[in-house]
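See below for the structure under consideration.
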Amino acid sequence: MGLLTIGVFARTVRLTPKALRLYDDLGLLPPAAVDPDTGYRLYHPDQVPRARLIGRLRAIGMPLAEIRAVCGLPPAAAAEAVDTYWRRVVDDTAARGRLATVLVDHLSGRDTAVREPGIGFRYATGCETGPVRDSNEDATYASDRLLAVADGMRGPGGASAAATAVAALAALDPVVAPAVDLLTMLAAAVTDADRAVRRYATADHQPVTTLTAVRCAGTQVALVHIGDTRVYLLRDGGLHQLTRDHTYVQSLVDQGRLDPAEVSTHPQRSLLVRALGAGERVEVDLSVRAAQPGDRYLLCSDGLSTVLDRADLHAVLTAAPDPDRAVTDLMARAYAAGALDNIACVVADVVTD
Ligand code: MG
């Protein structure tokens, strides 16, 4: 079959000639030939499917660099890449939506953060190496306003990465600001922490770390999260997990390809898909919620959450009269359940100032 002019090809694949010229310049869709006399681009009918795929990926907002990667994949892998991209879009949109809500409240004077008496934390922390490891790559920070846990990957620089990540957030501990400003500052601190973690890279090793923190602002609580460190909230007797693990196995569960019951025994259960120091750029989950006196927060590294299930955590957090006792009992129960990893946990009760 003969070659198609750019005009005919553009109409066939519902792209503009201008877009086709751009995709040629970027090497995404070079024409089959260029007329030596006129310089016009000519396309082969076999190029229609690729052009249509590019157009559809553009329609869902995928950046050109990612489209190039998707176009180079076999169909099954391309499908997975599109699915992963779309989940990221949904997560980012949800995070922006929450930020927008806070912003609307702030601009319309409904932000109670700076006008009402605030809340604070009564807290206890534990950070232990565990029975078999010879180093501890977990780190914690706690004050009456800020709770943070980081879990550095085992290996060189892991402990420094976790300590650096926690320190970057701790710098915001004394800041007094409405939740909306604090969220922005926390996001910036996470970006700074990511940059700092990347400085520990050697020629063949990039340490990574999780970072999860809760910061109170007036009567609200801001949450930042990246990795598989978790935040649980015990409120009115019910235990809620506020964070979603940024792990490979969680993404399989989300896609319906893995039974949640199989997560704890999956060989790649600790493989992170998001962490400080990993990927091209840091992607952090941000949220804000109202605080209630009587709320009890638990932040913990996977050293705790992989050995104690939700029912165990619920039982200990409900029974312990105060955060100190909760941390002591969580540690004891984790060891009794066969914990081998480093364990970091922070338990904090919300109290009025
Ligand atoms: Mg760990």
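Order of listing sets the numbers, starting from 1, for every ligand and every atom in it.
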What donor-acceptor contacts under 3.5 angstrom involve side-chain atoms of residues 20-27, with partners at least two apart or in another chain?
residue: Asp24; atom: OD2; partner: Arg41; partner atom: NE; Å: 2.7
residue: Asp24; atom: OD2; partner: Arg41; partner atom: NH2; Å: 3.4

Which N, O or S atoms belonging to the protein are less than 2.8 Å from the Mg ion (ligand 1)? Asp151 OD2, Asp302 OD1, Asp341 OD2
Side-chain cluster (under 4.5 Å, hydrophobic types only) that Tyr40 belongs to, other residues: none
Test: Asp285 and Arg244 ion pair at under 4.0 Å: no
Aromatic plane relationship, His225 with His246 - under 30° parallel, 30 to 60° tilted, over 60° perpendicular: tilted
Side-chain donor-acceptor pairs under 3.5 Å in residues 77-86, sequence neighbours left out?
residue: Asp83; atom: OD2; partner: Arg87; partner atom: NE; Å: 3.2
residue: Thr84; atom: OG1; partner: Glu80; partner atom: O; Å: 2.9
residue: Tyr85; atom: OH; partner: Ile60; partner atom: O; Å: 3.0
residue: Tyr85; atom: OH; partner: Gly61; partner atom: O; Å: 2.9
residue: Tyr85; atom: OH; partner: Met62; partner atom: N; Å: 3.2

Flag the pair Tyr123 / Leu147 as yes when at least one side-chain heavy-atom distance between them is below 4.5 Å, and no otherwise. yes
